[in-house]
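Some notes on the structure that comes next.
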Amino acid sequence: MRDFQPKTIIEPFRIRSVEPIHFTTAAQREAALAAAGYNPFLLRADDVLIDLLTDSGTGAMSSRQWAGMIASDESYAGASSFYRFEAAVRDITGFRHVIPAHQGRAAENILFTTIAKSGDVIPSNTHFDTTRAHVEHNGAEARDLVIPEARQPQLIHPFKGNMDIEALEQTIQTVGAERIPAIMLTVTNNSGGGQPVSMANVRAVSQIARRYGIPFYIDACRFAENAWFIKIREEGYADKQPIDIAREMFSYADGCTMSAKKDGMANIGGFLALNDDALAVHCRNLEILTEGFPTYGGMAGYDLEAIAQGLYEALDENYLRYRIRSIAYLGERLVAAGVPIIQPTGGHAVYLDARAMLPHIPPMQYPGWSLNNALYLLGGVRGVEIGTVMFGLQPDGSEQPARMDLVRLAFPRRTYAQSHVDYLAEVIIEVFAQRNSLPPYRIISQAPVLRHFTVQLEPIRN
Ligand SMILES: *Cc1c(COP(=O)(O)O)cnc(C)c1O
């Protein structure tokens, strides 16, 4: 028969274990949100129909992961589960030393406590918030040097996560290499919309780092999604396997930090991996203090098993094609309906541009928050505001509009199917149709830092 290229990209799994989702009425959602102080973080998950709060630790595991978990070795020291985990990390990253940690920020804590001090500068494309917090906690400055194209939401660029190479070199010359203990690169660039970094850019950052003798670390949380974008968008990679693309990416670096709650396909876990023998000794000493013995590092044996298997599953082509396509598909439906989003869609989420959508709500009355709450009230969908509530409160207590007011709809891995995505598109497009009736909000009470987690608000109705 003739070869046939189907247009439909199907979920590359069948479902053997199901978890019911909970339907609510509009009146129940109104009551639940009011009881939560109009803060979706404070909702009970049972009151949410489709939960896109985060893609971190929320994915579905495979039967093979569960099989490994049942057969795990829970020995305190030298467990076989650790050696399987270590072998998988080494096989994919090529780094000599593998230091397990209970999640990504714990790996960051170990790395930055060991290498960063007051007066240092650590450049990145964009530091994720926990990365920035750990850099700053150690007295150093976290500097974001993403390419200028990344700051224009509607501008199409294949690798909007790239580091601005000129700005990096200028920074090194102004600051001095001796005050830069590491250069970081976040792949994909989470805080910049899940946008990928090209292999050419990874290589260029690596060359500069080596020229100045500065260690180069990858924040690898979404390394597999980044490998997929390189495969489909960068010349010369179309015929390569994602695992080989990932290996090449890591080959240019001296180490990485990883949250296994993302492309580790696990519910918890992470690691620090690096080549420097002396640094690894210091990191392991700190690990024993904060995480546990170096062959478990804050994880159970079954977590190590889930990650050892999950890292390979994240690199499966059929999985990556389905994942990236389902996000692009939602993006296409929204763009066709005129809904403003960050373009192109990234690896793990669709970002709605609330400031563009709701010009009648000024930034200081929280358009992103209003839009996110409307998605819940209308459709039981929970996203997260990434805007003025999250970033507007300054250390001196004053308030400023964030650079953008967005709602991020992050997709848990292997969790939702096509009909869920169609439903989402319908809900978002209906909220868009009713956008002029969305209320502004005011804050009633807030914490001095990271206020979005616990803030209480109310809609301003006239
Ligand atoms: C999630 C994340 C982290 C932190 O990982 P946790 O497991 O949440 O501690 C660090 N960097 C990036 C890019 C992330 O997405």
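Numbering of ligands and ligand atoms starts at 1, following listing order. Keep in mind that this is a model prediction, so the values were computed, not measured. Throughout, numbering of the chain's residues begins at 1 and tracks the sequence.
Residue contact check for ligand 1: C221 places a non-hydrogen atom closer than 4.0 Å to it.
Each of the following atoms of ligand 1 lies closer than 4.0 Å to a heavy atom of T186: 13 (C). Atoms of ligand 1 found under 4.0 Å from any heavy atom of R105 (numbered from 1 in listed order, with element): 4 (C), 5 (O), 6 (P), 8 (O), 9 (O). Numbered from 1 in the order shown, with element, the atoms of ligand 1 that lie under 4.0 Å from a heavy atom of E108 read 10 (C), 11 (N). Using a 4.0 Å cut-off to heavy atoms of K261, the atoms of ligand 1 that qualify are 7 (O).
The distance criterion of under 3.5 Å between nitrogen or oxygen atoms is met by Q103 with respect to ligand 1. Distances between N or O atoms of T188 and those of ligand 1 include no value under 3.5 Å. On a distance-only criterion, G104 and ligand 1 share at least one N/O pair closer than 3.5 Å. Considering backbone and side-chain atoms together, T130 places no N or O closer than 3.5 Å to any N or O of ligand 1.
Ring centers of Y76 and Y296: under 6.0 Å apart, within the cut-off.
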Show, in sequence, the C-alpha distance, side-chain angles and deciding distance for H134 and L111, and conclude whether the side-chain contact (heavy atoms from CB on, under 4.5 Å) test is met. CA-CA 9 Å; H134 279 292; L111 179 65; over 6 Å; no

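K262 forms no cation-pi arrangement with F411, by the criterion of a distance under 6.0 Å to the ring centre and an angle within 45° of the ring axis.
Counting only heavy atoms of the protein, atom 11 (N) of ligand 1 lies nearest to D219 OD2, 2.7 Å. Annotation: atom 14 (C) of ligand 1 to nearest protein heavy atom, K262 NZ, 2.9 Å. Here the heavy atom of the protein found nearest to atom 7 (O) of ligand 1 is S259 OG, 2.7 Å.
For the residue pair E169 / T171, no side-chain donor-acceptor distance below 3.5 Å is found, with atom types taken as modelled.
R355 places a side-chain N or O within 3.5 Å of a backbone atom of R403 that can act as its donor or acceptor partner. In terms of modelled atom types and a separation under 3.5 Å, the side chain of K160 and the main chain of Q152 share a donor-acceptor contact. Panel note: side chain E287, backbone A101; no donor-acceptor pair is recorded below 3.5 Å.
Contact annotation: the side chain of E11 never approaches that of R414 to less than 4.5 Å [non-hydrogen atoms, C-beta and beyond].
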